[in-house]
Amino acid sequence: MTLSLDRLLRPRTIAVIGGGAWCQSVTEQLVKAEFSGDIWPVHPRAENICGLKAYPTALDLPAPPDAAFIGINRDATVGAVERLARMGAGGAVCFASGFGETDDGQNANSRLLNAAKGMPILGPNCYGMINALDGAMLWPDQHGCAPVDKGVAILTQSSNIAINITMQQRGLPIAYVVTSGNQAQLSMAETALALLDDNRVTAIGLHIEGFKDLPKWQELSRKAQAQNIPIVALKIGRSAEAQTAAISHTASLAGSDAGADALLKHLGIARVYDLPSLIETLKLLHVAGPLPSNRIASISCSGGEASLIADMAHGIGLIFPPLKQTQKDDLFAALGPKVALANPLDYHTYIWRDVDAMTQAFSAMIDPDLAITFLIVDFPRADICDASDWECVIQSAINTKAATGGTIAMVATLPELMPENVARQLIGAGIIPFNGLHEALSAASAAQQVTPNDADLLVPAPSHPADIMLEAEAKAALQIAGLCVPNTWVGSLDAVTNIAQNQPGPFVLKSLGTAHKSDSGGVALSLETAADVQRAGREMKGPSFLLEDMITDPIAELLVGVTKDPAHGYILTIGAGGIHTELHNDTISTLIPAGREQLKECLLQLKMAPILTGYRNQPQANINAILDAIEAVQTYVLQNPSTIEEVEINPLIATQTRAIAADALIRKSND
């Protein structure tokens, strides 16, 4: 059932139910914000609260409220929700804790959901929401939000993180802050979907502890793309689900964080790794929207700053393209012969205080092929210094933006050296103010235009007890799906020895029923004769053996595996295989289903990719054959989604002509 959140998020009437300090604070925040609608305190004994008439119960209110803040204990909250839903209220914030987050709260959680019926509720165990556009503050504490006409929406499960974000002094205009708490009814994705309906929201920032309801996340991704509203996420936490099946290398490598990363990429949601970068990325997206490329430029009046940004941008996917001749000509005209022209540019201080000359120099650096141009400017401390000498650079930047229309950012190397009043002035002029060079570069890297995967997410089926298929059976099943496997024979030691007498070597002999055979002495390589097979088998454990042709012309060994991660989907991991899997930790993960071009992009991002493409004139692996093998594994999973827990090929041996599965593992349930 799709719930309408319009009345809850943009209310005209608000009820505050409860008489404690938290509820009084909600009323105070609404009065302070000059909320233009009606505020209705509800308390069984008080006649007025904060100068407003109080009502004994919700049933005594003049009309069903659009939104209610419920600040009473757990059991009383359930009753209040039931009454509000019966009245036809638009929604409620459930402040109380002790529901689904506790062992003894599961029953109360079920009763709460039954009471809510079709009425949306935020929480429980959450602070609620701030709508700074309309002054609607269902919020039981102080906060740092100021009225705005438009701005970003920020959603988080953590109320404390939400408070901290509102206290930022970086100039970010915040339109909404919403805490989701336990997400008993409304998931974060559902709330974000509703916020997309407000055309005053310019971007959405998410602080995510865990995903639920994957189809809603896909719906959010597609709606945001259609409306050109960018989303950026700070994903934290590591769940245990993806580690429950640690019998394969893939399960240990593709943990929940790899799954989260793959899911966000599938959804086209940018990812950052700290709160400052989240705020700065949102600032960039609010002012300029997603960046079209990774091509950047930098202007500073210091060679030290030019070197610093060049070094800090190294390795995070940003590039400084060489200056074009037109840029050089225009810069020379503005700066003269004493300045070495380059990108990053140190323009010295010859033109400082000359607004026209500074505007000419800054404008000369702007080019249509650049995604963003950084002006590095550190402002002095206002308490002991005079910042008036920096007015020239602010005005020059504003003039440059007006003259060129380029995407321009003013960056302070240290976060505290970008004053909030300057940041707001720059945003008003369409310039991105960045607090900190690291944060600026992180934002530019994260804010590049990304496109969601068109394919529907493959939502994991419930897990059931699963068994490991014998290697020969696993290879046979994958061969039907299109995987290339060696000639294989299974039987007793005497049986496979007899086979070896009638087949050309070399062979590989394996004892069946053992994971990580090379670690346990369960595999022997380069066996040329039947006598070699017999001798190797006597040293191994197990009544049954697998004999197969040995691949003699390998270029590289790869790992291709799939794990079912209940939180994120089916994770496909590609990486260095064989004995190199843990040694180099060279892997990349994506979600199933993935297209061939996407798989190729993943493959060529591996550190070992140069080996596959013929490093230093060595033979090249057959990339198409490798992709065929990866697609065969994916096909098998797509054909068996209700039963597959794990699939792994390790190693997949890549040659000049083929990609052959030397080992295969499938863990599959019978349900």
Side-chain angles (χ1 to χ4, degrees), residues 146 168-173 276 279-280 283-284 286-288 296-310 312-313 330-331 333-336 338-366 370 372-441 443-444:
Q168 57 86 28
Q169 299 179 47
R170 296 165 176 253
L172 176 67
I279 291 172
E280 298 303 315
K283 206 186 295 181
L284 187 161
H286 169 77
V287 175
I296 67 174
S298 168
I299 310 173
S300 64
C301 61
S302 162
E305 291 169 345
S307 299
L308 186 62
I309 191 171
M312 291 180 69
D330 292 344
L331 285 167
L335 299 172
K338 294 182 180 181
V339 174
L341 302 180
N343 182 22
L345 175 68
D346 167 18
Y347 68 90
H348 299 275
T349 55
Y350 302 124
I351 59 173
W352 189 262
R353 301 185 187 91
D354 186 337
V355 172
D356 290 341
M358 293 173 74
T359 301
Q360 185 182 359
F362 296 167
S363 299
M365 198 68 167
I366 308 299
L370 294 170
I372 188 170
T373 300
F374 295 110
L375 309 178
I376 301 180
V377 180
D378 290 296
F379 290 84
R381 290 175 53 148
D383 55 343
I384 58 176
C385 299
D386 179 8
S388 61
D389 203 23
W390 274 254
E391 290 297 328
C392 61
V393 75
I394 297 173
Q395 191 59 54
S396 299
I398 293 172
N399 292 349
T400 300
K401 174 66 180 179
T404 67
T407 300
I408 304 170
M410 188 173 288
V411 187
T413 56
L414 298 177
E416 61 269 27
L417 301 185
M418 173 59 71
E420 186 175 16
N421 64 313
V422 174
R424 289 178 175 171
Q425 181 182 0
L426 292 171
I427 287 176
I431 298 168
I432 308 151
F434 280 129
N435 293 65
L437 191 50
H438 165 76
E439 291 86 345
L441 294 170

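Since this is a predicted model, take the numbers as computed values, not measurements. Position 1 is the first residue of the sequence, and the numbers go up from there. We use all heavy atoms of the structure for the numbers below, so side chains are in, but hydrogens, waters and symmetry mates are not.
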Worksheet entry | Straight-line distance of Glu416 CD to Arg170 CZ, nearest 0.5 Å | 9.5 Å
Item to complete: Please tell me if the side chains of Met410 and Phe379 come closer than 4.5 Å, counting only heavy atoms from C-beta onward.
Response: yes
Worksheet item: In terms of side-chain heavy atoms, does Gln395 have a donor or acceptor partner in Asn399 at a distance below 3.5 Å?
Response: yes
Worksheet item: Would a distance-only check, ignoring hydrogens and angles, find a side-chain to backbone donor-acceptor pair under 3.5 Å from Asp378 to Met418?
Response: no
Fill in: Ala409 to Ile372 - nearest heavy-atom pair and separation
CB-CD1, 3.9 Å
Worksheet item: Any salt bridge (charged side-chain N to carboxylate O under 4.0 Å, His left out) pairs touching residues 345-362, not counting sequence neighbours?
Response: Arg353-Asp389
Worksheet item: Can you find a pair of side-chain heavy atoms, one from Gln425 and one from Ile398, that are under 4.5 Å apart?
Response: yes
Worksheet item: Parallel, tilted or perpendicular: which fits the ring planes of Phe362 and Tyr347, with parallel below 30° and perpendicular above 60°?
Response: perpendicular
Worksheet, complete the sentence: To the nearest 0.5 Å, atom OG1 of Thr407 lies from atom CG of Leu370 at 9.5 Å
Worksheet item: Does the side chain of Val422 reach to within under 4.5 Å of the side chain of Val377, using non-hydrogen atoms?
Response: no
Discussion item. Could you check whether any side-chain heavy atom of Thr400 comes within less than 4.5 Å of a side-chain heavy atom of Leu375, counting everything from C-beta outward?
Written reply: no
Worksheet entry | Distance in Å, Glu420 CD paired with Asn435 CG, rounded so as to fall on 0.5 Å steps | 9.0 Å
Worksheet item: Where the side chain of Lys283 meets the backbone of Pro433, is there a donor-acceptor pair that is under 3.5 Å apart?
Response: yes
Worksheet item: Given the rule in the side-chain contact (heavy atoms from CB on, under 4.5 Å) test, do Val287 and Leu426 qualify, once you have shown the distances and angles that lead to the verdict?
Response: CA-CA 10 Å; Val287 175; Leu426 292 171; over 6 Å; no
Practice prompt. Taking all heavy atoms of Glu439 and all of Pro276, pick out the closest pair and write down the distance.
Written response: CG-CB, 3.7 Å
Worksheet, complete the sentence: The reported gap from CG in Leu417 to CD1 in Ile376 (rounded to nearest 0.5 angstrom) is 12.5 Å
Worksheet entry | Close side-chain approach of Ile427 and Leu172, heavy atoms under 4.5 Å | no
Response to the item:
CD1 of Ile366 to NZ of Lys401, rounded to nearest 0.5 Å, is 9.0 Å
Fill in: Contact summary for Ala306 and Ser300, nearest pair of heavy atoms
N-OG, 3.6 Å
Worksheet item: Do Leu441 and Val411 have side chains that get closer than 4.5 Å, going by heavy atoms?
Response: no
Fill in: Non-hydrogen atoms of Ala361 and Ile351 that approach each other most closely
CB-CD1, 3.8 Å
Worksheet item: Which heavy atom of Thr404 sits nearest a heavy atom of Ile408, and at what distance?
Response: OG1-CD1, 4.2 Å
Item to complete: Measure the spacing between CG of Asp330 and CE of Met365 and express it to the nearest 0.5 Å.
Response: 12.0 Å
Response to the item:
side-chain hydrogen bond (donor to acceptor under 3.5 Å, both in side chains) filter on Gln169, not counting sequence neighbours, yields none
Worksheet item: Under 3.5 Å, side chain of Thr349 to main-chain N/O of Trp352, donor-acceptor pair present?
Response: no
Worksheet, complete the sentence: Shortest non-hydrogen pair, Cys392 vs Ser396, comes out as O-OG, 2.7 Å
